[in-house]
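Okay, handing you the structure first.
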Protein chains: 2
Amino acid sequence: MSQMLQIHDQLREMILSLDLGPGERLTERWLESRFEGSRTPIRAALVRLESEELVRRDGRNWIVAPIDLGELEALAEFRLPLETTAVRLACTRASAADIAGIEAMLDACQAGAPREEWHRVGTDFHVEIARLSGNPFIVKAISGAMTRLSRARWLEVWTEPSREQAWAEHRRILSFIKTNDPEAAAREAADHISGTRDRLLRSLSEDRRGLKARGFAVVGLR
Amino acid sequence: MSQMLQIHDQLREMILSLDLGPGERLTERWLESRFEGSRTPIRAALVRLESEELVRRDGRNWIVAPIDLGELEALAEFRLPLETTAVRLACTRASAADIAGIEAMLDACQAGAPREEWHRVGTDFHVEIARLSGNPFIVKAISGAMTRLSRARWLEVWTEPSREQAWAEHRRILSFIKTNDPEAAAREAADHISGTRDRLLRSLSEDRRGLKARGFAVVGLR
DNA sequence: TATCCCATTTTGGTATCCCAAACAAGGCAA
DNA sequence: TTGCCTTGTTTGGGATACCAAAATGGGATA
């Protein structure tokens, strides 16, 4: 694999894991020493990450994309029609094996699992559901949206009951697809998206002071 | 403006105008002489275009993305929920001035206008409608989808009545937004997307032989 | 004539070099 | 002390140099 792709993946992971703080400045020279490669592959990786909007330009400089709480609502508004469409399509197109695969994914995430695992599965669930639609554009759009949500979701203060609720909703969506009830699945998906949006917004706006204290650039949400 | 952006825009235009044929190989050295720049900005532009999927890798090489007739249906399936959502939102969010702007755009495209103009406005209309939704994610998704459709739409054999019909539909969508009738606007938008999809598929699959004769890589649509 | 093999060329990937613009620090004058 | 200008440093943008892998082509051989 080319160095550019390696650097891209590592940098991406560092950003999503908040190892690099939102808003933090990235200089090509620092990355050069950090990854022990020359600027050429580093710059290519940055250009790539820029198109994923994980990295952004601030004047002439590179910065890690800040977390924009203001876009959380727009993101939910965007996901809603797409995911309801996805689950409807999934009802007609998903095979039993496909569904079983996602069930297994949810099952694998038990109470004792580390937080990273819960976070990852909670994101992947939506992408995998989108995949059941068989429409690559829907998959890509949802995948991008979940990536954009990823860091905010990680910062959310999870309570046990809210986590339980989200999981129950995931299971219900899947079971409606399994029993081939597109409208119920769509309704459930819509409720889930609205519900998680509300929980996320509440949690983050309450904790906003704490986020700033940790040095994260968090913008939006007047 | 940086050389990289200039090259990106020019190359983008050459691809979308079919000046560079779908499937055509691009070597960095050829681009180097074509744009009289070094490989550094050229590679950056290529990486950027790759993320827009206008350019793609074929093994180690760069090629202009082929036109995939098979994705036209998926694209319509993707646009449908997004654009119906967009027009519904537009009803509550668009100002009279916004709507007048789009009307002016349609008016500017009279019978004598060159084909490029019709093509451009026919694409931009959908993006501008999306913009009325006020949701940047919807705008970006629609914009990307229309870009992906652009070359296929250019190759479509337009008949006078089909063009007229498309224009009438655009006007109807807009007027329903203007009179604040979200459901009618959504229905109209859905019909429009399905209708143009059908026309496009019919036209291109009939003319497929002709496309290949022109040396374009056209894949999909079994 | 068809096929295989090796020399040559071409290609993309990477490292390095140079430059102009942006930035920061320090000193000078009011 | 404050504001401004100078100057040295750092940065990203671009050009060039080098390399290994892949492609190409031509000639020897069967």
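Proteins get letters first, then strands, A, B, ... in listed order; numbering begins at 1 in each.
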Can you label the angle between the A/His126 ring and the A/His192 ring as parallel, tilted or perpendicular, going by 30° and 60°? parallel
Could you check whether any side-chain N or O of A/Asn135 sits under 3.5 Å from a backbone N or O of B/Ala74, counting only pairs where one atom can act as donor and the other as acceptor?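 It does hold such a pair.
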Each nucleotide N or O in nucleotides 12-14 of chain C that has a protein N or O under 3.5 Å away: list the pair and distance.
from, atom 1, to, atom 2, distance (Å)
C/dG12, OP1, B/Leu26, O, 3.4
C/dG12, OP1, B/Glu28, N, 3.4
C/dG12, OP2, B/Glu28, N, 2.9
C/dG12, N7, B/Arg29, NH1, 2.3
C/dG12, N7, B/Arg39, NH2, 3.4
C/dG12, O6, B/Arg29, NH2, 3.3
C/dG13, OP1, B/Arg57, NH2, 3.2
C/dG13, OP2, B/Arg43, NH2, 2.0
C/dG13, N7, B/Arg39, NH2, 2.7
C/dG13, O6, B/Arg39, NH1, 2.9
C/dT14, OP1, A/Gln3, N, 2.7

Between N or O atoms, less than 3.5 Å apart, protein on one side and nucleotides 7-9 of chain C on the other: list the pairs.
none

Ionic contact status for A/Arg197 with A/Glu77, cut-off 4.0 Å: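 No salt bridge links A/Glu77 with A/Arg197.
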Are any side-chain N or O atoms of B/Ser203 and backbone N or O atoms of B/Arg199, one a donor and one an acceptor, separated by less than 3.5 Å? no
Under a 3.5 Å cutoff on both atom distances, Watson-Crick or G-U, what's the dot-bracket for DNA chain C ([ ] crossing, | other strand)? ||||||||||||||||||||||||||||||
Non-neighbouring partners of A/Trp154 that pass ring pair (Phe, Tyr, Trp, His ring centres under 6.0 Å), sequence neighbours left out: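 Here the qualifying residues are A/His119.
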Would you say the rings of A/Trp167 and A/Trp118 are close, in the sense that their centroids are separated by under 6.0 Å?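 Here the rings of A/Trp167 and A/Trp118 have centres that are less than 6.0 Å from each other.
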Using a 6.0 Å distance limit plus a 45 degree cone around the ring axis, check whether A/Arg25 lies over the aromatic ring of A/Trp62.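 No, A/Arg25 does not lie over the aromatic ring of A/Trp62.
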Atom CZ of B/Arg34 and atom CG of B/Leu20: how far apart are they, to the nearest 0.5 Å? 8.0 Å
Apply side chain to side chain donor-acceptor pair (under 3.5 Å) to B/Glu13 and list each qualifying residue two or more places apart in sequence or on a separate chain.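 Partners of B/Glu13 under the side chain to side chain donor-acceptor pair (under 3.5 Å) test: none.
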Show me the protein contacts with nucleotides 7-9 of chain D, counting only N or O atoms at under 3.5 Å.
none

For the side chain of B/Gln110 and the backbone of B/Asp107, is there at least one donor-acceptor N/O pair under 3.5 Å apart? yes
Contact class for B/Gly37 vs. all strands (heavy atom < 4.0 Å): base, sugar-phosphate, or nothing? sugar-phosphate
Closer than 3.5 angstrom, by distance alone: can the side chain of B/Ser194 be matched with the main-chain N or O of B/Ala190 as a donor-acceptor pair? yes
Starting at atom CD of A/Glu50, determine the distance to atom P of D/dG12, rounded to an integer number of angstrom.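 These atoms are roughly 13 Å apart.
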State, to 0.1 Å, how close B/Arg115 and B/Arg153 come at their nearest heavy-atom pair, and which atoms those are.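 The answer is NH2-O, 4.3 Å.
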